Amino acid sequence: MNITYFGKLINLLSLIFIFTVNSYAQQSTFDKSLSFIEINKPKTHAAIDSLLKPFRRDTDKMEQLLTLSKQHTYNEGACYAVNALGVIQRDKSNYDNALGLHQEAQAYAEKANSDEFKIISFNMIGVVYRRMDIVKLALDYHTKALKLANSIEQPTSSISHNIAVSQNSIGNIYLVLKQYDLAISQFNKSLTIGKRIDDKLGLAINYHNIGYAEEAKEHLDNALVNYQTSLNYNNNIDSEIGRVICYNSIGLIYLKKGNYKAARPIISEALKKALDLEDQFYIVASYISFGKLELQTNQLNSANEHLKKALQISKAYNLKSSVAESSKLLSEISKKNGDFKAALNYYQDAEEIENTILTKQNLQYVNDIVVAYENENKNNQIKALAEENESVRLHLERNKKIILYTSLLLIPLSISTFLIYRTRALKRDKHILTLEQDMLRSQMNPHFIFNSLNSIKLYIINNDKANAVYYLNKFSKLIRKILIASKEKETSLHDEIETMKIYMNIENIRFSNEIDFVINIDPTINTEVIKIPSLVLQPFLENALWHGLSSKDSGKKIALNISRTSSHYIIVDIIDNGIGRVASKKINDNKHLERKSLGIDITKARLENFSESYIGSYSLEIKDLYNSKKPIGTKVSLQIPTLKVT
């Protein structure tokens, strides 16, 4: 035997085996579900669907469910099965068969006295009529479904889904009648429900329909965004029909934009998938899309062939809108080929069909139905509000005596609460005043004043009048700013920076001007507007000077960096290249450091009090910096809120 042939035979037998095993596994799962349904007879669509959803496109399995349901007079199961069979027929464009099955399902829903199954069946019938472009009947059934669904006080997710289906279908009817803004309004209502119940199929359908309406209004970019969103949802739920619809629509947007290179492959893929699905409705749509592309690129023979196929299928399955659209396009091709008689015939056929759909009577009928529905809804809301108002009135009457009696207790309670609040407020104000006084004492440290004046005195002794006058002016200006700041809880970031420049300038005298002090401010920060606690940065700069740099020999640097992390905060980083906190602690172990610790504690308390009036709180982080385990300085990061509570 030929080895190649033998190999192919083995592969074929393997595939048959895998298919048999999968079929058996599926059959086993279905049999278990069917057995469960036979015993328990679940009453809701959601319960049955949770068991049979993978099989509802399988004609044989739905026939089995129908047979079983009839044997046990199980009307809910029969309704589910017949509706599923109707959808299978609808997707093959066998609309008469589909309509008969959905009407049979409605009868089972009536026998079961199930509002849920009635709503589903009404919607199913409406969808078939809409596919057949029978506007009045489609609208009648969707409105029936919507009225019944809205009359249920606590709708299940299945009923909510069907409310969305009704609104979507009414939107589609508006699309047929070219009432695009009204259509978008209905789709958005349906979309809101779809998002609430996480109905990905419903979201895919509604985004596509909104895209179609936007395209009709020549808003091509908006249309493309909605089509692509719909495609994402269809990919998420692995819907081939959804992909066909979106590919056609996206391809036609590219076509309208003149991007034929992008349009061709996506429309080709849509046609291929539609032929595989054998859904005549979408096969027609794909042929029409291809015909439009070829007409635009002047491939008239090929366009003529595809559009005639679309026309033939549309007539066979009574797809009126598709007959009209393909006829108009064939009229255009005939005109380009010089066959004006054929062009006229095609155009007249299209106009005749469109006139049967877009009649004034149809438009008026749709508007009348929708207005009547909206009025009924408003009347129901008014009635519900009136009942609620009466209930509230009675409730208020019952509460009058309670209010009368409790008011006598509330007055002294309110006075007590006010006194407690006032006492706490006075304590808080006293605490703030104490903090401000402590802050002033910290800044007006006698050692700092003495050392500063002593440094200026040395300039005088050395007859350096210019520096003596310069630093004396700086010193007096700093003292003035400290005294002003002691009266203010807040200051602008600009004033704080200017004060710190003067402070560092004076302190630098004692370091023989060896310290390189730089300030970097994010250009997006408006320092005049942002408020911070006055003199809040001084204790950190003082620590950097006397505990980081005082024991360093040379190359002493301090950087003050101010940046913005968000609209609510700024970050102030104070970075020195000193000896680090560990080495500083060893040097200062025998010194009195209470004043330094107190200064930081006061600053934290002031920041906490400051943050109470702002959104968010402050944060403080002090971090030792290392290079290969060698200390290279200290970084203080202070996050300060900037957005006040309104």
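Keep in mind the model is a prediction, meaning the values are calculated, not measured. Every heavy atom of this structure was used, including side-chain atoms; hydrogens, water molecules and symmetry mates were not.
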Any donor-acceptor pair under 3.5 Å linking the side chain of [X] with the backbone of [Y]?
X: Tyr207; Y: Gln228; answer: no
X: Ser289; Y: Ala285; answer: yes
X: Ser35; Y: Asp31; answer: no
X: Asn236; Y: Asn232; answer: no
X: Asn94; Y: Asn97; answer: no
X: Asn234; Y: Ser230; answer: yes

Do Arg243 and Asn235 come within less than 4.5 Å of each other through their side chains, counting heavy atoms only?
->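 The answer is yes; the side chains approach within 4.5 Å.
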Separation between [atom1] of [X] and [atom2] of [Y], rounded to the nearest 0.5 Å:
X: Lys315; Y: Ser322; atom1: NZ; atom2: OG; value: 13.0 Å
X: Asn162; Y: Ile119; atom1: CG; atom2: CD1; value: 6.5 Å
X: Ile37; Y: Leu65; atom1: CD1; atom2: CG; value: 5.5 Å
X: Leu311; Y: Asn304; atom1: CG; atom2: CG; value: 10.5 Å
X: Ser121; Y: Tyr80; atom1: OG; atom2: OH; value: 12.5 Å
X: Lys256; Y: Gln296; atom1: NZ; atom2: CD; value: 10.0 Å

Counting only heavy atoms from other residues, nucleotides and ligands, does the tally under 6.0 Å from [atom1] of [X] exceed 12?
X: Tyr227; atom1: OH; answer: yes
X: Asn40; atom1: CG; answer: yes
X: Glu240; atom1: CD; answer: yes
X: Lys92; atom1: NZ; answer: no
X: Gln312; atom1: CD; answer: no
X: Lys41; atom1: NZ; answer: yes
X: Lys217; atom1: NZ; answer: yes

Side-chain ion pair, Asp58 and Arg56, N-O less than 4.0 Å |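 Result for this pair is no, no salt bridge flagged.
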Is Glu269 salt-bridged to Lys273, cutoff N-O under 4.0 Å?
->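 Salt bridge present between Glu269 and Lys273.
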Compare every heavy atom of [Y] with every heavy atom of [X], then report the nearest pair and how far apart it is.
X: Leu51; Y: Phe36; value: CD1-CD2, 3.5 Å
X: Glu76; Y: Pro42; value: CB-O, 4.1 Å
X: Phe55; Y: Met62; value: O-CE, 3.5 Å
X: Ala310; Y: Ile288; value: CB-CG1, 3.7 Å
X: Leu319; Y: Gln280; value: CD1-O, 4.5 Å
X: Ala223; Y: Glu215; value: CB-N, 3.7 Å

Mark yes or no: Lys257 above the aromatic ring of Tyr254, with NZ or CZ under 6.0 Å from the six-membered ring centre and no more than 45 degrees from the axis.
->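 No - Lys257 does not lie over the ring of Tyr254 by the 6.0 Å and 45° rule.
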Taking atom types as modelled, is there a side-chain donor on Glu116 or Ser114 under 3.5 Å from an acceptor on the other?
->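 No donor-acceptor contact under 3.5 Å links the two side chains.
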Is the distance between the ring centroids of His142 and Phe122 under 6.0 Å?
->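 No - the distance between ring centres of His142 and Phe122 does not fall below the 6.0 Å cut-off.
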